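Small disclaimer: the values here were computed from a predicted structure and weren't measured. Heads up: numbering here begins at 1 and tracks the sequence.
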Amino acid sequence: MKKLFGGINLTYPKLIIFALIAAVYTAVMAIIPVTRDTSFRDISISFEVWILFGIIIIMNSKSPVDSAIKCFLFFLISQPLIYLIQVPFSDLGWGIFIYYKYWFIWTLLTIPMGFIGHFMKKDKMWGLAILFPILILLAYHYIGFLCESLTFFPYHIISTVFCLVTLILYPIVIFIDPKVKKVGLIISIVIILASSAYVFIKGDSSYKTSLMSNGYTIDETGEVINFDDTYKVYLKDKSYGELSIGYEDALEDYIINADFRKIGKTEFTIEAPDGSKKVFTIDIKRDTYSFKKKK
């Protein structure tokens with residue numbers, strides 16, 4: 001662990017290879033369909049792993065200037081390459097680079113961040129003030145991932161654990177002074193407890209969508225499903241969430257709204273005022289679903 005955080009002779013050729021490997025891996029995770037909505041694709045969306053890369057570079061740099069240049073160069077190489085690799089596989093084509101604008105801003109910010117971050121190596125108590133914003137950013141990701149994991153388990157559970165571990169790890173590996181290390185660890189634990197409490201108070205995440213509108217036609221049979229606000233709609237297993245019928249002004253018609261809180265397979269029923277029912281099986285995923293009428 002000591003070698004990773006300060007024992008590497010991080011030459012520029014090594015840095016470039018590091019950036020290329022990180023970019024290729026991230027692009028592959030963004031391209032492969034099976035990684036959708038999983039922790040493996042999070043590296044292409046959020047910061048937690050890139051924070052780790054940045055800290056590794058900072059801790060293995062020789063000076064604040066060296067740290068700033070290497071952080072900037074690493075992100076300048078890796079980030080556009082991630083999108084370049086995705087071009088042939090994306091429906092957007094070259095248009096995918098619209099997402100790079102956001103990362104380019106952060107790439108520019110790595111110059112002051114890398115410069116200031118290097119002063120954590122002074123091993124002083126005030127170094128915790130430099131680390132603190134990084135811990136807060138990690139906590140922000142931890143909250144989001146924990147919400148997702150609690151609701152749509154096991155989605156993002158690896159990212160949740162990764163944020164948790166690195167929150168505890170950074171004060172331990174960055175600082176040598178036992179007092180600074182101890183105070184940093186206390187700060188991290190407080191942040192973790194506060195973040196976890198916030199998630200449990202705030203509640204789980206949910207997937208809100210619309211299932212169908214009045215007059216929906218079943219492709220296989222051509223049957224038309226009609227309903228209005230006198231009908232009832234409900235899930236067989238209420239742990240999967242809630243369904244309701246509402247009027248959509250834009251459509252000028254009624255729709256079935258869904259608030260899903262669990263992934264898996266269940267059934268839902270549309271019940272008419274006369275008691276007749278139409279039952280559907282539904283397969284709920286993180287941000288998509290499919291259903292068909294039971295025979």
Side-chain angles (χ1 to χ4, degrees), residues 4 8 10-61 66-117 133-134 136-145 147-149 152 154-163 166 205 207 209 285-288:
L4 183 62
I8 299 173
L10 189 60
T11 61
Y12 281 95
K14 289 180 181 178
L15 180 77
I16 293 171
I17 293 172
F18 182 19
L20 293 175
I21 293 173
V24 171
Y25 173 80
T26 302
V28 170
M29 291 301 103
I31 292 169
I32 299 176
V34 73
T35 64
R36 180 183 171 123
D37 296 321
T38 70
S39 298
F40 296 100
R41 187 169 292 193
D42 288 335
I43 190 174
S44 67
I45 302 168
S46 50
F47 291 110
E48 68 284 348
V49 177
W50 298 100
I51 290 173
L52 173 62
F53 293 161
I55 289 180
I56 289 173
I57 293 169
I58 288 170
M59 296 304 294
N60 289 286
S61 297
D66 184 49
S67 177
I69 293 173
K70 285 178 177 175
C71 284
F72 176 69
L73 184 60
F74 175 80
F75 282 87
L76 187 65
I77 294 171
S78 62
Q79 296 307 312
L81 183 56
I82 291 169
Y83 295 102
L84 182 62
I85 295 171
Q86 292 183 70
V87 168
F89 305 94
S90 173
D91 293 336
L92 295 173
W94 290 98
I96 197 172
F97 271 89
I98 190 173
Y99 298 110
Y100 176 58
K101 295 178 181 179
Y102 174 73
W103 284 95
F104 180 67
I105 293 172
W106 279 101
T107 298
L108 294 176
L109 290 174
T110 61
I111 298 174
M113 291 167 67
F115 185 90
I116 296 171
I134 298 173
I136 293 299
L137 182 58
L138 264 175
Y140 170 78
H141 288 307
Y142 170 70
I143 288 171
F145 291 137
C147 284
E148 289 288 307
S149 296
F152 304 106
Y155 288 167
H156 303 287
I157 187 65
I158 296 175
S159 293
T160 303
V161 174
F162 181 89
C163 290
T166 51
S205 300
Y207 167 35
T209 186
K285 300 186 184 302
R286 174 57 188 92
D287 59 0
T288 186

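Gln86 contributes a side-chain N or O that, together with a main-chain N or O of Ile82, makes up a donor-acceptor pair within less than 3.5 Å. Distance alone, capped at 3.5 Å, is enough to place a donor-acceptor pair between the Lys70 side chain and the Leu10 backbone. Counting only distance, with no hydrogens or angles, the side chain of Ser44 and the backbone of Arg41 share a donor-acceptor pair below 3.5 Å. Without hydrogens or angle criteria, Ser149 side chain to Tyr155 main chain gives a donor-acceptor distance under 3.5 Å. Between the side chain of Ser46 and the main chain of Glu48, no donor-acceptor pair closer than 3.5 Å is present. Within the 3.5 Å criterion, the main-chain N or O of Met29 finds a donor-acceptor partner in the side chain of Thr35. The closest donor-acceptor contact from the side chain of Thr166 to the backbone of Cys163 lies under 3.5 Å.
Test Phe53, Tyr25, Trp50 against Ser78 for side chain to side chain contact (heavy atoms under 4.5 Å, CB included) and you get one pass: Trp50.
Residues Leu92 and Phe97 fail the side-chain proximity criterion, which asks for heavy atoms closer than 4.5 Å. Leu52 has its side chain out of reach of Phe47: every pair of non-hydrogen atoms, C-beta onward, lies at least 4.5 Å apart. Phe18 is listed as a side-chain neighbour of Ile57, based on a closest heavy-atom distance under 4.5 Å. At a threshold of 4.5 Å between non-hydrogen side-chain atoms, the residues Ile16 and Phe74 do not count as touching. Side-chain contact check for Tyr12 versus Ile69: some heavy-atom pair is nearer than 4.5 Å.
The two residues Thr110 and Phe72 make their nearest non-hydrogen contact at OG1-CA, 3.3 Å. The two residues Cys71 and Gly54 have their closest heavy-atom pair at SG-O, 4.1 Å. Residues Asn60 and Ile8 share a closest heavy-atom pair of OD1-N, 2.8 Å. Taking each heavy atom of Thr26 and Ala22 in turn, the nearest pair found is OG1-O, 2.7 Å. For the residue pair Ile157 and Ser39, the shortest heavy atom distance occurs at N-OG, 3.6 Å.
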Exercise. Give the intermediate values and the outcome of side chain to side chain contact (heavy atoms under 4.5 Å, CB included) for residues Gln79 and Tyr100.
Key: CA-CA 7 Å; Gln79 296 307 312; Tyr100 176 58; 3.6 Å; yes
Quiz prompt | Full working for side chain to side chain contact (heavy atoms under 4.5 Å, CB included) between Trp106 and Phe75 | solution = CA-CA 9 Å; Trp106 279 101; Phe75 282 87; over 6 Å; no
Quiz item: Could you walk me through whether Leu137 and Tyr142 pass the side chain to side chain contact (heavy atoms under 4.5 Å, CB included) check?
Solution: CA-CA 9 Å; Leu137 182 58; Tyr142 170 70; over 6 Å; no
Practice problem: Tell me, with the steps shown, if Ile85 and Ile31 meet side chain to side chain contact (heavy atoms under 4.5 Å, CB included). | Solution: CA-CA 9 Å; Ile85 295 171; Ile31 292 169; 4.2 Å; yes
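For the atom pair CD1 of Ile56 and OG of Ser61, the computed distance is 11.5 Å after rounding to the nearest 0.5 Å. Distance check, rounded to the nearest 0.5 Å: CD1 of Ile77 to CG of Leu15 gives 6.5 Å. In this structure, CE in Met113 is found 10.5 Å from OG1 in Thr107, a value given to the nearest 0.5 Å. Here the OG1-CD1 distance, from Thr38 to Ile158, works out to 7.5 Å after rounding to the nearest 0.5 Å.
In this structure, Phe145 and His141 have parallel ring planes: the angle between them is below the 30° cut-off, well short of the 60° mark.
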